[in-house]
A.B. asks: 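Dropping the structure in here first, questions after.
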Amino acid sequence: MAPKRTADVLSSVPKRKKAVMCLTEKIRVLDKLRAGMSYSAVGREFRVNESTVRYIKKKEKEIRRAVREAAPQSARLTSTVRDEAMEKMEKRLSLWIHEMTADRNRIMDSIVVRLKAKEIYGHVTQGRRNVKPFSASAGWLARFKRRYGVRSVKPAGEAGSADRGAAEEFKKHLQSVIQEKGYVEEQVFNADETGLFYKDVGKRTYVTQMASRAPGFKTFRDHATLLLCANAKGDFKCKPLMVYRAPNPQAPKGKDENRMPVHWRWNKKAWVMSDWFHSCFVPEVEHYLQDRNLAFKVLLILDNAPVHRREELENAHPNVEVLFMPPNTTSLIQPLDQGIIKAFKAHYTEEFYTSAWETLKANKETTMLDYWKSVTIRHVIDYIGTAWDSITPASINNCWKNVWPDCVESFEGFEGVSENIKNSVKNIVRIARQIRGEGFDDMKEEDVEEILAEKAVEPTNEDLDEMAKQGTGVSDDEDSSGTKTPRVVPLTAAKIAEWNSALEKIFNDMEECDPLLDRSLKFKHLASTAFAPYMEMLKEMRQKAKQPKPIQSFRPDGEGQMPTPSTSGQSQTLKEELAGVEAPPSSAEYSTTLSPGFHEQARVGRFNTRPHHLPQLHPQ
């Protein structure tokens with residue numbers, strides 16, 4: 001009998017590290033099982049016990065639901081199936097944070113985020129029994145930030161703090177760049193985004209009160225994002241970029257975009273900074289500098305907002321240099337933040353009220369509510385153009401004093417941006433009291449200041465539900481009822497070959513259009529690496545299609561033939577799937593399958609020689 005090991009011996013034996021499979025690996029296990037592999041074969045491939053594979057299969061519905069509800073970051077970092085209500089709450093919370101921080105470089109206070117998390121959790125668990133308590137602790141918030149890659153949430157007290165030291169360092173750096181490169185005031189620009197609630201007439205007015213109670217009303221919809229841009233001289237303002245949430249609304253139809261006072265774009269979630277830079281900013285500025293016989297060299301100053309993708313803009317154009325301000329310095333040194341945006345909103349609101357008062361005077365039976373309902377995007381675009389034209393060169397130039405004081409000039413009769421804003425606010429109050437009605441009769445300057453205040457779009461819980469469903473394509477009712485299961489679309493060789501061709505077309509277009517070849521090749525390498533598993537699947541499918549049937553027909557020397565069993569349904573299915581997929585060419589046919597222009601591209605080393613139907617997706 002072997003001697004028993006002592007405690008000292010046991011303590012010296014290293015413990016075997018427990019292997020924990022993340023949700024992504026579990027999905028791969030389920031896909032292997034769905035493809036027909038046995039439990040034991042899958043266990044050997046993933047080096048886990050067969051019992052573990054069976055347990056994963058047993059929890060298939062919960063695992064697929066967790067991955068479908070979670071963000072991609074969560075799927076990579078989470079190893080356990082979490083509570084369904086928690087997954088739904090966190091997804092909606094991440095959408096809420098995105099909407100609150102997307103337009104500008106905002107930092108969210110952690111206490112505000114934790115309170116919002118509890119509110120959303122109560123919403124998603126409303127009417128359910130046996131709901132687990134949720135306290136939105138600091139530990140949970142830290143884990144949530146890791147899962148979803150959230151970086152815009154800071155501890156209490158840090159969210160609103162401005163970094164004065166970093167602002168001073170940037171001012172010195174900017175002046176050194178200007179002196180070294182020889183930029184003049186006409187060549188230095190600043191661009192900044194702002195959210196515009198284009199039908200906001202004040203929350204105390206009867207119009208807002210009645211409209212908010214109307215069925216289907218959503219303040220969230222009456223919002224657009226504007227990008228304003230001007231130079232330090234103040235004599236050139238780029239046409240504003242207006243980003244709306246819905247494609248092709250009724251109002252702008254039939255309007256010539258070149259004659260519109262704004263550049264019109266629509267996008268549900270993402271910003272379109274790169275498109276604005278190449279399609280709007282560069283052509284306008286180049287034309288402006290040519291008219292003044294100035295060299296086309298430009299310095300563009302942007303804040304550190306996430307939508308300003310540094311890797312896309314820093315080398316986007318050889319004649320445009322982009323400088324990014326440090327985080328938490330925009331309130332101190334960003335020129336357009338020093339009164340231009342607020343002045344623009346004051347002029348816009350004044351134009352809105354003036355148009356309303358003229359409409360009411362022309363028709364005594366029309367009410368302010370009637371006018372408010374009649375305002376369309378077409379009117380909003382005209383108001384934006386008028387308001388932006390009202391910003392004077394002196395106002396723009398004066399707002400550069402905190403970051404480039406040497407460029408500020410003295411304009412005769414200029415009272416200052418603050419005085420201009422005060423005059424607009426007084427005019428709005430005067431017009432509102434002429435309009436009359438609850439909230440208009442007693443409107444104060446503080447009410448107008450609230451309209452002009454910079455505020456983020458805060459979607460309601462119902463908005464978040466709708467956004468979450470649009471993001472997943474699966475409604476919560478279908479997921480939680482248990483009566484419906486996700487529709488499984490078969491992955492065929494023809495479909496993978498179609499994706500492969502589309503990728504190759506993208507690669508070729510990028511190599512032809514992108515002036516920086518290294519950048520396009522880098523993208524090609526990353527995309528090819530990510531697509532490699534699908535290419536392996538395509539190779540396996542084609543190899544299976546070439547294999548002979550498992551049961552051959554045997555014919556003896558004499559008459560007669562042995563009975564031939566029917567082939568499996570799986571082989572027949574593979575044959576049908578691959579019917580439309582072209583097989584690889586033989587060596588004799590190789591030279592005839594190359595795409596037009598292939599030999600010339602191969603000669604200059606753009607890519608190595610591969611058949612046209614199966615392009616090389618792995619760069620050298």
A.B. asks: Check whether any side-chain heavy atom of Leu302 lies under 4.5 Å from a side-chain heavy atom of Phe324, and answer yes or no.
C.D. replies: yes
A.B. asks: Leu93 and Ala117: which non-hydrogen atoms are nearest, and at how many Å?
C.D. replies: CD2-CB, 3.8 Å
A.B. asks: Determine all donor-acceptor pairs shorter than 3.5 Å in which one atom belongs to a side chain in residues 130-139; sequence neighbours excluded.
C.D. replies:
residue : atom : partner : partner atom : Å
Ser137  : OG   : Trp140  : N            : 3.2

A.B. asks: Given side-chain contact (heavy atoms from CB on, under 4.5 Å), test Thr205 with Met368 step by step and report yes or no.
C.D. replies: CA-CA 10 Å; Thr205 62; Met368 184 61 179; over 6 Å; no
A.B. asks: When you measure from the side chain of Glu60 to the backbone of Ile56, do you find a donor-acceptor pair of N or O atoms at a distance under 3.5 Å?
C.D. replies: no
A.B. asks: Within the side chain of Asp370, is there an N or O that forms a donor-acceptor pair under 3.5 Å with the backbone of Thr367?
C.D. replies: yes
A.B. asks: Would you say the side-chain atoms of Thr529 pair up with the backbone N or O of His525, donor to acceptor, closer than 3.5 Å?
C.D. replies: yes
A.B. asks: So Met443 and Tyr353, do their side chains get closer than 4.5 Å, heavy atoms only?
C.D. replies: yes
A.B. asks: Under 6.0 Å between ring centres: does that hold for Tyr371 and Phe352?
C.D. replies: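 Tyr371 vs Phe352: aromatic centres under 6.0 Å.
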A.B. asks: Quick check against the 3.5 Å criterion: does Lys342 have a side-chain atom that pairs as donor or acceptor with the backbone of Leu452?
C.D. replies: no
A.B. asks: Using the six-membered ring wherever Trp is involved, compare the ring planes of Phe531 and Trp499 and label them parallel, tilted or perpendicular (cut-offs 30° and 60°).
C.D. replies: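 The arrangement is perpendicular - the two ring planes meet at more than 60°.
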A.B. asks: What residues form a salt bridge (Lys or Arg N to Asp or Glu O under 4.0 Å) with Lys203, not counting sequence neighbours?
C.D. replies: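 For Lys203 the salt bridge (Lys or Arg N to Asp or Glu O under 4.0 Å) partners, ignoring immediate neighbours, are Glu450.
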A.B. asks: The test is salt bridge (charged side-chain N to carboxylate O under 4.0 Å, His left out); show your working for Glu84 and Lys88 and say whether it passes.
C.D. replies: CA-CA 6 Å; Glu84 180 180 356; Lys88 292 181 178 180; 3.1 Å; yes
A.B. asks: Under the rule for side-chain hydrogen bond (donor to acceptor under 3.5 Å, both in side chains), what residues qualify as partners of Arg54, not counting sequence neighbours?
C.D. replies: Glu50
